[in-house]
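Proteins come first, then strands; the chains are lettered A, B, ... in the order of their sequence lines, and each starts at number 1.
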Amino acid sequence: MDTLDIARWQFGITTVYHFLFVPITIGMSVLVAGLQTAWVRTGKEHYLRATKFWGKLFLINFAMGVVTGIVQEFQFGMNWSDYSRFVGDIFGAPLAIEGLLAFFLESTFLGLWIFGWDRLPKKVHLATIWAAAIGTLLSAYFILAANSWMQHPVGYTMNAETGRAELTSIWRLLTNSTTLVTFPHTITACFLTGGAVLMAVSAWHLKRHNQADVFRPSLKLGAWVVLIAGVGVLITGDQQARIMTEQQPMKMAAAEALYENSQPASFSIFTIGSLDGQEELYSVRIPSLLSFLATGTFDGEVEGIDNLQAEYEQKYGPGEYAPSIPVTYWSFRLMMGFGILTMAVALVALWAMRRGRTPTSRWLWLAVILSFGGPLAANSFGWIFTEMGRQPWTVFGLFRTSESVSPSVSTGEAATSLITLTLLYGVLAVVEAGLFVKYARAGAPEIPPPSGSDDADRPLAFAY
Amino acid sequence: MELTTVWFALIAILWAGYFLLEGFDFGVGVLLPVLGRDNRERRLMINTIGPVWDGNEVWVIVAGGATFAAFPEWYATLFSGFYLPLLLILVALIVRGVAFEYRGKRDDDRWRRRWDLCIIVGSLVPAVLWGVAFGNIVRGVRLDADHEYVGGFFDLLNPYALVGGLTTLALFTLHGAVFLALKTDGEMRERAGKLAARLIVPVIVIAAAFLLWTALAHHDVAGWILMGAAAVSLVAAVPAIRARREGWAFLATAATLVLAVFALFVTLFPNVMPSSIADANSLTVTNASASPYTLKVMTWVAVACTPIVLLYQSWTYWVFRKRLSVDRIPASGGHA
């Protein structure tokens, strides 16, 4: 392995890991804010207990999202300095705006929310969690705008003298068609993830007939969120696929392992055998579906890998322009499969709980409890598909991954970083999961009766 | 004023804000084993920075992002060049951030002792390494004609940079002790005040050595004036600390840090990263900068956002302005 391979592995590992926590943070911050709003408006205690319970799980997860996020910002410079030089003029702007506009907002107001329970008036305190939740959404927008520029560069010009890309329109960068479909797709996936966490943890308690007053409504809320957000994920994913076919046809061809131009093109649910275009042993196919996904019509033409390879060789010179086909083919299917599976579980759970019923099937309980893993897997495969499918480019059509790595970083240094961060992340995953399970099992806290006094010397309502 | 100068100044302000704010919470972390005799006292200390440490840390993230946007060449050279120190800082910030949040989440002494260690080391390492990094930036490092760092890890550990690291550690520790005296009541306030009084003279000696070394190596009048001002405000902390005027003492150490950062940046200007190999290889505000358009956009964003950020961060400090004492720490931790 050379520095490039190591840097790619580190980016993959740290990004997928970071993105385990991010969707839970985004999804749950809004759900917790919603529950707290319900408490402030109705005064019903079970909403407060739910807010505190889910709030704690949210915070255990948030801490990991924050600390792993710092690595993301630093590693562009550390491992990918030539990339940073090439795109800094464009890519740095949304990153800096993300910090100024979003990170300050979420971290400051979350601090206020955590410690402010007895310091702030009820409504002001409620506003702090909403401010933090808005911060997480803003953060997502700007980082996705940055990523979308790598998928589909707009609003730039190439400086012939320096050989670097320069920004010409921040507006076009922020309203990139790729961003406009990627943002809703990602955000709905985040809500699906948050909903699945609510659904799974609530099911664990309900199965044991534990605190049904808190967990029955939480389970139903979670399942509805999964379903509604899931429909949003499907609709936005469909739009995204069409935009992707226009902008990165190779990625769509790779997603299907489609080698020859086809009209209409069928979609294979799965394939047994090789995906190298030589022979497949067996595949289950839905006719015309790929045409529909890619073009919006059932008889649209979808370009194949070999045709695109020839076209790109003409355009960009000799080289390998197809990404790793097994990775793109399977990650595309696993992304959709895990997402749809989670929605199916939510649907069955809601049906089994209709009109006050409680499910009795052990298998159903098990499926609901395990369902939080579905969106985590789907999110990870989604990013693996998006990023691996763009290869060999870091910026599509402009800049290659092989040109992006830091020339001054030795293989030993890069390996030290990869090993250190991977080991550290592994240990933290165990610690985080342990705490999450501990607090998930503990159930919703009882609310102590208000002390009534406004004594400034009483203990803090919250302390580390 | 040129926009490149504006952004150089803005990045200096971000670092000054970072040193001023995260400086004291690094200090509190470093002092955890010194001033926190039992779990309750350590919790008291951690809770003085509990609501604010994360917001403080964002200053460095924004400083990094602003450098990326406004001076991409500087960002690329600095982050790839100072690879291993930055990796150490990352590991430190990761374990430290998680430690604050997780320490109180299990009622187990071994668990807490481990996280305490993470907080201590996680505060100590960046407190030293940020100083080492700035020492090297001001001193100049081995940059080739492509602005790539061609020195090794041990080149970064030269005596001047190490004195820089010792200086940030000393200043942050003092700043943290003064902050604890300001934010607590009872025995902790007393002990932190006493410690600050004992620390101030050695801190002055270390900081003076670094400032003098810097002043002698760079003949920059504006830099000298700012270094003088930083020295004056540090000396002004002496009577305030001895008289237990905690507010004034905190103001003095805060001003010292801000002025010292400004002094380093002014000394550096118009370079952002001088090359010790050849002047022609140096990165300057001009050859490291983004395009005028990006700088213009970012200026508007900064003008629009920064006042609001300052307003709500100040409000946080106002909300949590009360002094804490051991008896206000609830029996068990981590309950939201």
Side-chain angles (χ1 to χ4, degrees), chain A residues 52 55-56 59-60 63-64 66-68 70-71 73-74 76-78 81-82 84-85 88-89 92-93 95-101 103-104 107-108 110-112 114-116 119-120 166-168 170 406-409 413 416-417 420 424 428 431 435 439 445 456-460 462-464, chain B residues 43 46-47 50-52 54-55 57-58 61-62 64-66 68-69 72-73 75-81 83-84 86-87 90-91 93-94 97-98 100-105 148-150 290-291 293-294 297-298 301-302 305-306 309 312-313 316 319-320 322 327-330 333-336:
Chain A
K52 296 230 169 187
K56 191 174 298 174
L59 289 177
I60 289 171
M64 293 289 284
V66 168
V67 296
T68 53
I70 314 174
V71 175
E73 189 197 59
F74 279 33
F76 290 120
M78 290 170 74
S81 68
D82 270 357
S84 302
R85 287 179 212 280
D89 196 70
L95 244 62
I97 300 175
E98 185 190 18
L100 261 175
L101 207 64
F103 289 162
F104 271 130
S107 60
T108 309
L110 206 63
L112 278 159
I114 301 174
F115 285 84
R119 281 273 147 267
L120 295 168
E166 287 182 359
L167 189 63
T168 55
I170 185 78
S406 300
S408 64
V409 173
E413 284 174 323
T416 309
S417 171
T420 307
L424 179 62
L428 288 179
V431 171
L435 273 185
Y439 281 89
D457 290 331
R458 70 190 143 85
L460 299 167
F462 176 87
Y464 276 144
Chain B
R43 285 187 60 200
I46 294 168
N47 278 289
V52 294
D54 192 10
E57 196 165 282
V58 174
I61 313 228
V62 175
F68 198 170
E73 293 282 330
Y75 170 80
T77 300
L78 177 66
F79 279 68
S80 61
Y83 195 88
L84 291 177
L86 283 171
L87 177 65
L90 278 177
V91 171
L93 293 182
I94 289 170
V98 173
F100 286 134
E101 211 60 61
Y102 289 0
R103 179 187 186 280
K105 294 257 188 295
E148 295 289 352
Y149 177 68
V150 290
S291 67
Y293 176 76
T294 297
V297 168
M298 292 309 300
V301 172
C305 294
T306 315
V309 170
Y312 64 66
Q313 277 213 337
T316 310
V319 169
F320 299 108
K322 277 210 168 72
D327 34 278
R328 293 195 60 223
I329 300 295
H335 291 296

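- Of the two parts of A:Val409, only the side chain, counted from C-beta on, holds a non-hydrogen atom closer than 4.5 Å to a non-hydrogen atom of chain B.
- Of the listed residues (A:Ile170, A:Leu428, A:Leu95), the greatest number of heavy-atom pairs within a distance under 4.5 Å of chain B belongs to A:Ile170.
- To the nearest 0.5 Å, atoms OG1 (A:Thr420) and CD1 (B:Ile94) are separated by 10.0 Å.
- Between A:Leu167 and B:Tyr293 the shortest heavy-atom distance is O-CD2, 3.3 Å.
- Ranked by non-hydrogen atom pairs under 4.5 Å with chain B, the options A:Ser417, A:Ser406, A:Ala93, A:Ala63 are led by A:Ser417.
- Between chain B and the options A:Thr416, A:Thr168, A:Val431, heavy-atom pairs under 4.5 Å are most frequent for A:Thr168.
- Top candidate by heavy-atom pairs under 4.5 Å with chain A, chosen from B:Pro72, B:Gly55, B:Pro51, B:Ala290, is B:Pro51.
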message: Under the criterion side-chain contact (heavy atoms from CB on, under 4.5 Å), I'd like the reasoning laid out for A:Ile97 against B:Met298: C-alpha separation, chi angles, the key distance, then a yes or no.
response: CA-CA 8 Å; A:Ile97 300 175; B:Met298 292 309 300; 4.0 Å; yes
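- Nearest heavy atom pair, residue A:Leu101 against residue B:Cys305, reads CD1-SG, 3.2 Å.
- How far OG of A:Ser81 is from CD of B:Glu148: 5.0 Å, rounded to the nearest 0.5 Å.
- Judged by distance alone, with hydrogens and angles left aside, the side-chain atoms of B:Tyr102 form a donor-acceptor pair with the main-chain N or O of A:Ile60 at under 3.5 Å.
- Here the closest non-hydrogen pair linking A:Ala96 and B:Ala69 is CB-CB, 4.0 Å.
- Rounding to the nearest 0.5 Å gives a distance of 9.5 Å between CE of A:Met78 and OH of B:Tyr75.
- A donor-acceptor pair under 3.5 Å is formed between the side chain of A:Glu73 and the backbone N or O of B:Gly65.
- Closest approach of A:Ile70 and B:Leu93 over heavy atoms only: CD1-CB, 4.2 Å.
- For A:Leu112, the parts lying near chain B are the backbone and the side chain together; criterion is any non-hydrogen pair under 4.5 Å.
- Across A:Pro407, A:Gly116, A:Ser408, A:Gly77, the residue that shares the most heavy-atom pairs under 4.5 angstrom with chain B is A:Gly77.
- When heavy atoms are compared at a cutoff of 4.5 Å, A:Glu413 approaches chain B by way of both its backbone and its side chain.
- Contact of the B:Ile61 side chain with the A:Glu98 side chain is not registered, since no non-hydrogen atoms from C-beta on lie closer than 4.5 Å.
- Closest approach of A:Phe74 and B:Leu90 over heavy atoms only: CD2-CD2, 3.7 Å.
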task: Under the side-chain contact (heavy atoms from CB on, under 4.5 Å) rule, what do A:Arg85 and B:Thr77 come out as? Steps first, then yes or no, please.
output: CA-CA 9 Å; A:Arg85 287 179 212 280; B:Thr77 300; 3.1 Å; yes
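- The CZ atom of A:Arg119 sits 8.0 Å away from the CZ atom of B:Phe320 when rounded to the nearest 0.5 Å.
- In plain terms, the two heavy atoms of B:Val62 and A:Gly99 that are nearest each other are CG2-C, 3.5 Å.
- Under the 3.5 Å distance criterion, the side-chain polar atoms of A:Asp89 are matched with a main-chain donor or acceptor of B:Ser291.
- With a 4.5 angstrom heavy-atom cutoff, B:Val319 touches chain A via backbone and side-chain atoms both.
- Once rounded to the nearest 0.5 Å, the distance linking CD of B:Gln313 with OG1 of A:Thr108 reads 4.0 Å.
- How far OG of A:Ser84 is from CG of B:Leu78: 11.5 Å, rounded to the nearest 0.5 Å.
- Between chain A and the residues B:Val91, B:Leu87, B:Val98, B:Thr306, the largest count of heavy-atom pairs under 4.5 Å involves B:Leu87.
- Ring geometry for B:Phe68 versus A:Phe76: interplanar angle of 30 to 60°, hence tilted.
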